[in-house]
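Encoded as structure tokens, the structure appears first; notes follow it.
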Number of protein chains: 2
Amino acid sequence: MSGKTATSSTRAPRPDRATSTREAILTAAEQLFAEQGVFAISNRQVSEAAGQGNNAAVGYHFGTKADLVRAIVRKHNAFVEADRERLLTEYAGSTAIRDWVTCLIRPTTDHLATLGNPSYYARFCAQVMTDPTLRPILYTEALTSPALQRTLESWDACFPTLPPEIRSQRRDFGRLLLVHGCAEYERTLAEGSPTPHPTWQAFGANLIDATVAIYQAPLTPESR
Amino acid sequence: MSGKTATSSTRAPRPDRATSTREAILTAAEQLFAEQGVFAISNRQVSEAAGQGNNAAVGYHFGTKADLVRAIVRKHNAFVEADRERLLTEYAGSTAIRDWVTCLIRPTTDHLATLGNPSYYARFCAQVMTDPTLRPILYTEALTSPALQRTLESWDACFPTLPPEIRSQRRDFGRLLLVHGCAEYERTLAEGSPTPHPTWQAFGANLIDATVAIYQAPLTPESR
């Protein structure tokens, strides 16, 4: 608000200032998208909510709506991936399906726990995965990440006799439960609705139970 | 395009004509929403795709975007509900969880099968359930329907010793798999991508296997 700030705003932003502006935009966008819908919110609204006098700040710092969505996914996925790498090392050589399902689910639920309540990222991700135009972003940035791929290969190895197409289908079911289950749990916490699970840790354990069960389900004749 | 049509368009539509216009709008909207996103598409675009010279046709026949979404859900849910009522009668008195999971899943997958390929309704529903503002519509119209409630009560009765909060959580997981699993399978069919399941019938059997397994999963100490 000082004269100095007003003057400097006409120059190229300093690196640290640009970083904090980008961070403010990412935070504002994630919340608005989660609560009101990715497509209901304009880049102008995000810029305003991020406290940017310049309504074109999103465009300047990120580009399009899709670029902004990609930046939000990347920001969080860096933490999730690092934790998954750690678990992959811990479980190396295991043939217990529960270990690999844990390796899929825990890095995500633990990361969401660190965000505090309310968090927004899980609801944001569910929208991105469901929207026909944004969906490829989540796939490219998170669902084909190296650590996730190694996790899925390890659990495939736990079921050598299951037909590959059934394994693939059950992997997909597991991914759907992870993305949409976390979004619903996050919503429950944010709204202060009753939940049987007091923590992300407990919710994650329930999700692991369900996902392990899907993998171990007997095949019926109709489903082959 | 004739003079007669141009003249009659200024009068109140005849009932049969209004019905076919409404039907054309519902069909166009469902496809556009599924392929391009519920929020990316304007009511004007829907009116145009439905072949309506009047760009305000959606507003005239339905009202808001939310009203249009509700009408699409109601149109399909009438078929799903009728089929679920039939199955409820068939399975009355059963204590086999597979019967009640079938009662949840089959009416939906069978209805989607009748729509032919490409269908759009499953992808549309997944978006509606994920969007924070549209979500209540799907809940009110479909997910609290009487036949569905009776189905869920019947399967609760199959697990008298499972803590109610765990039953509730697993019901939610089943619902997520149904809505989002069908959406992904519909997309696979529509895109002509490889799938292990040649028919909705086979896909539904796989979904039933997975959902039964979730219900029967052993409880681990961490998830209580």
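All values derive from a computational prediction rather than experimental measurement. Below, chains carry the letters A, B, ... as their sequence lines are ordered, and counting in each starts from 1.
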Side-chain heavy atoms of B/Asp209 within contact of A/Arg170, under 4.5 Å: yes
Does a side-chain heavy-atom distance below 4.5 Å link A/Thr220 with B/Asn206? no
Could you state the interatomic distance from CD1 (A/Ile214) to OG1 (B/Thr211), rounded to the nearest 0.5 Å? 7.0 Å
Interface moiety of B/Tyr185 toward chain A, non-hydrogen atoms closer than 4.5 Å: neither
Contact summary for B/Pro132 and A/Ala34, nearest pair of heavy atoms: CG-O, 3.5 Å
Taking side chain as C-beta onward, heavy atoms only, is B/Val38 less than 4.5 Å from A/Phe39? no
Let me know if A/Gln169 has heavy atoms under 4.5 Å from chain B in its side chain, its backbone, both or neither. side chain
B/Arg187 versus A/Arg135: any side-chain heavy-atom pair under 4.5 Å? yes
Structural part of B/Ile208 lying under 4.5 Å from a heavy atom of chain A: neither
Could you pull out the closest heavy-atom pair between A/Glu184 and B/Leu176, with the gap in Å? OE2-CD2, 3.6 Å
So for atom OH, which belongs to A/Tyr91, do other residues, nucleotides or ligands contribute more than 12 heavy atoms lying within a distance under 6.0 Å? yes
At a 4.5 Å cut-off on heavy atoms, which part of B/Arg167 comes close to chain A: side chain, backbone, both, or neither? neither
A quick test of your reading: do over 12 heavy atoms of other residues, nucleotides or ligands sit less than 6.0 Å from CZ of B/Phe79? no
Would you name the heavy atoms of A/Phe173 and B/Leu177 that are closest together and state the gap between them? O-CD2, 3.6 Å
Is chain A contacted by the side chain of B/Ala126, its backbone, both, or neither, given a heavy-atom distance below 4.5 Å? both
Cut-off 4.5 Å, heavy atoms of chain B, and the answer for A/Phe203 is side chain
Shortest non-hydrogen contact from B/Gln36 to A/Thr133? O-CG2, 4.1 Å
Heavy-atom distance under 4.5 Å to chain A: side chain of B/Gln127, backbone, both or neither? both
